[in-house]
Amino acid sequence: MPKTLLILLGPTGVGKTDLSIEIAKYFNTEIISCDSRQIYEEMRIGTAVPDQQTLQTIPHHFIRSHSIHNYYNASKFEEEVLERLELLFQAKDVVLMTGGSMMYIDALCKGIDDLPEVDDELRKSLMERMETEGIESLRNELRYHDPVYYNEVDLRNPKRILHALEICLMTGKPYSSFRINEQKKRPFKIIKLGLNRDREVLYNRINQRVDAMFDEGLEKEALNLYPFRNLNSLNTVGYRELFDYFDGKLTIEEAKEKIKANSRKYARKQLTWFRRDSEIVWFTPDKKKEIIAFADQQLME
RNA sequence: GGUGCCAUAGCUCAGUCGGUAGAGCAACGGACUGAAAAUCCGUGUGUCCCUGGUUCAAUUCCAGGUGGCACCA
């Protein structure tokens, strides 16, 4: 029997956590979280980390395992998860990965090009230039260093311009020369199970979950992290709106409504991304038996 | 019961000196290889409360009705 990675994916709030426990139990295996925010140890309430009891039932990996203070990205995730999978597959034939971070899923399944790690100082100085000189100046510089990418990139997206230029300046080579987009082969089979449900129900679940987060003490959790609000890892729905409240830009009610709205928006964005992935087989969360039966049958093939 | 004000997008409202209408929020869609819960781009979804009148033409003016709000009883 080939080693198999089952991936349970879907928009935020759809009910992945509950179902992942059932599936992990059925296959007697462990769970790798694929969530770019639950991975940080300093956050818990706003990232909807599963409760202690759930985490004890089934071993979880990559939940609250990294610090917000350390730079992290999809490439590191790919590398670390592949390593962990190798270990897990020594004892298990099936491992379950669950989460909704689209780019992390793709990095793991298809690989991501090798790029040098960006120097912190260079990033800072380019971000300052973006502030003072505006995007136009960096755009022009990118056109000089990498006309190929300049013609492809969304010129209005500052992050894309910035990153491409970083790579050009660090390596002395055009960014596009690294973008080979090679589909990497994985030494295991991948089955993607998508969860979705009626839009209105999904939104109600998201809204209710935000209310529950406030009851649990989200405001206090965010206040403790307020000193670090400029970290990328804290540019996160549920926290940045509360930082605006602490800054006096929003009332607490406005912040709460914004968290709900931004969570719904995020769910939509996830669905947009997943929609173009034809490998995903979709289910509603109530079809527990069908999902497990489908996975079982796929394992045999 | 009387008087006044209001009724336009899912919500809050703007507007049309009469030529079938637009903002914010919400909603919907798209892009996407190292910040991705990030970042960027696009879309107006409408019996302009109802019925009649005036008019070439009414969401707009007039009358009545209905609903809401305020004040007076």
Side-chain angles (χ1 to χ4, degrees), chain A residues 9-13 16 33-40 43 45-49 66 68-80 99-120 122-124 126-127 130 135 139 149 152-167 170-171 175-184 199-200 202-203 206-207 209-210 213 222 230-243 250 254 257-277:
Chain A
L9 56 83
T12 189
K16 295 186 291 293
S33 166
C34 182
D35 189 303
S36 71
R37 291 303 186 268
Q38 286 182 3
I39 201 169
Y40 293 116
M43 294 185 274
I45 299 171
T47 51
V49 167
H66 294 63
I68 55 170
H69 298 286
N70 297 328
Y71 179 73
Y72 202 72
N73 60 43
S75 178
K76 285 176 191 275
F77 182 78
E78 175 199 14
E79 192 182 326
E80 291 176 7
S101 293
M102 306 85 84
M103 192 165 156
Y104 283 24
I105 294 172
D106 281 0
L108 182 77
C109 295
K110 302 188 291 193
I112 192 163
D113 294 331
D114 285 326
L115 287 181
E117 190 157 326
V118 174
D119 177 68
D120 220 35
L122 176 65
R123 171 158 291 191
K124 263 188 205 157
L126 284 177
M127 276 163 70
M130 184 78 79
I135 192 171
R139 238 185 243 155
Y149 188 63
E152 295 170 2
V153 71
D154 175 1
L155 292 169
R156 284 182 286 197
N157 190 325
K159 293 205 176 191
R160 303 263 158 81
I161 306 283
L162 195 86
H163 181 241
L165 196 52
E166 281 170 348
I167 299 298
M170 279 194 60
T171 62
Y175 174 56
S176 53
S177 67
F178 296 95
R179 278 169 55 88
I180 44 181
N181 206 348
E182 183 198 359
Q183 296 264 322
K184 290 184 183 134
R199 193 64 69 93
E200 203 181 318
L202 179 65
Y203 284 178
I206 288 172
N207 295 341
R209 194 173 67 171
V210 172
M213 285 173 178
N230 290 324
L231 292 174
N232 170 66
S233 43
L234 291 179
N235 186 357
T236 298
V237 174
Y239 296 86
R240 56 189 204 198
E241 298 86 353
L242 281 169
F243 296 156
L250 296 175
E254 285 168 341
E257 284 313 302
K258 263 225 156 3
I259 291 172
K260 290 178 181 175
N262 286 336
S263 299
R264 297 193 297 266
K265 222 175 259 185
Y266 173 52
R268 249 180 272 145
K269 196 175 76 170
Q270 288 173 301
L271 288 167
T272 297
W273 181 293
F274 292 140
R275 220 170 271 145
R276 68 175 177 183
D277 186 342

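All chains are named by letter (A, B, ...) in the order of the sequence lines, taking the proteins before the strands, and each is independently numbered beginning at 1.
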Base, sugar-phosphate or nothing for [X]? Non-hydrogen atoms, less than 4.0 Å.
{"X": "A:Arg179", "result": "sugar-phosphate"}
{"X": "A:Gly46", "result": "base"}
{"X": "A:Tyr175", "result": "sugar-phosphate"}
{"X": "A:Tyr203", "result": "sugar-phosphate"}
{"X": "A:Ser101", "result": "sugar-phosphate"}
{"X": "A:Lys269", "result": "base"}
{"X": "A:Asp35", "result": "base"}
{"X": "A:Arg276", "result": "base"}
{"X": "A:Phe77", "result": "nothing"}
{"X": "A:Arg268", "result": "base"}
{"X": "A:Ile167", "result": "nothing"}
{"X": "A:Asn235", "result": "sugar-phosphate"}
{"X": "A:Thr12", "result": "nothing"}
{"X": "A:Asn230", "result": "nothing"}

Answer yes or no on whether A:Arg275 is positioned over the face of A:Trp273, meaning its NZ or CZ is under 6.0 Å from the six-membered ring centre and within 45° of the axis.
->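 Verdict for A:Trp273: no cation-pi partner in A:Arg275.
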Results of ring-ring contact (aromatic ring centres under 6.0 Å, His included) for A:Tyr266 - residues two or more places apart only | none
Residues that A:Tyr72 engages under ring-ring contact (aromatic ring centres under 6.0 Å, His included), provided they are two or more places apart = A:His66
What base-paired stems does RNA chain B take part in, with at least 3 consecutive Watson-Crick or G-U wobble pairs and both distances under 3.5 Å?
-> B:1-7 with B:66-72, B:10-13 with B:22-25, B:27-31 with B:39-43, B:49-53 with B:61-65
Please identify each residue that fulfils salt bridge (Lys or Arg N to Asp or Glu O under 4.0 Å) with A:Arg156, with sequence neighbours left out.
->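 Salt bridge (Lys or Arg N to Asp or Glu O under 4.0 Å) check on A:Arg156 returns nothing, list empty.
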Please check the phosphate of B:rG34 (OP1 and OP2 only) for any side-chain N or O of A:Arg123 closer than 4.0 Å.
->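 Result: no.
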Strictly under 3.5 Å: I want the nitrogen or oxygen pairs between protein and nucleotides 41-46 of chain B, one per line.
none

Between B:rU16 and B:rG10, how far is it from one P atom to the other, in whole Å?
->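 Roughly 22 Å separates the two P atoms.
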For B:rG65, glycosidic torsion class - syn if within 90° of 0, otherwise anti | anti
With the side chain counted from C-beta on, respond yes when A:Phe274 and A:Ile105 share a heavy-atom pair under 4.5 Å apart, and no when they do not.
->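 A side-chain contact exists here, since the closest heavy-atom pair is under 4.5 Å.
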Of all the nucleotides listed (B:rA35, B:rA26, B:rU39), which has the minimum atom distance to the side chain of A:His163?
-> B:rA35
Those residues that, when tested against A:Asn157, pass side-chain hydrogen bond (donor to acceptor under 3.5 Å, both in side chains) (two or more places apart) |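 Testing A:Asn157 for side-chain hydrogen bond (donor to acceptor under 3.5 Å, both in side chains), a comparison that skips the adjacent residues, returns none.
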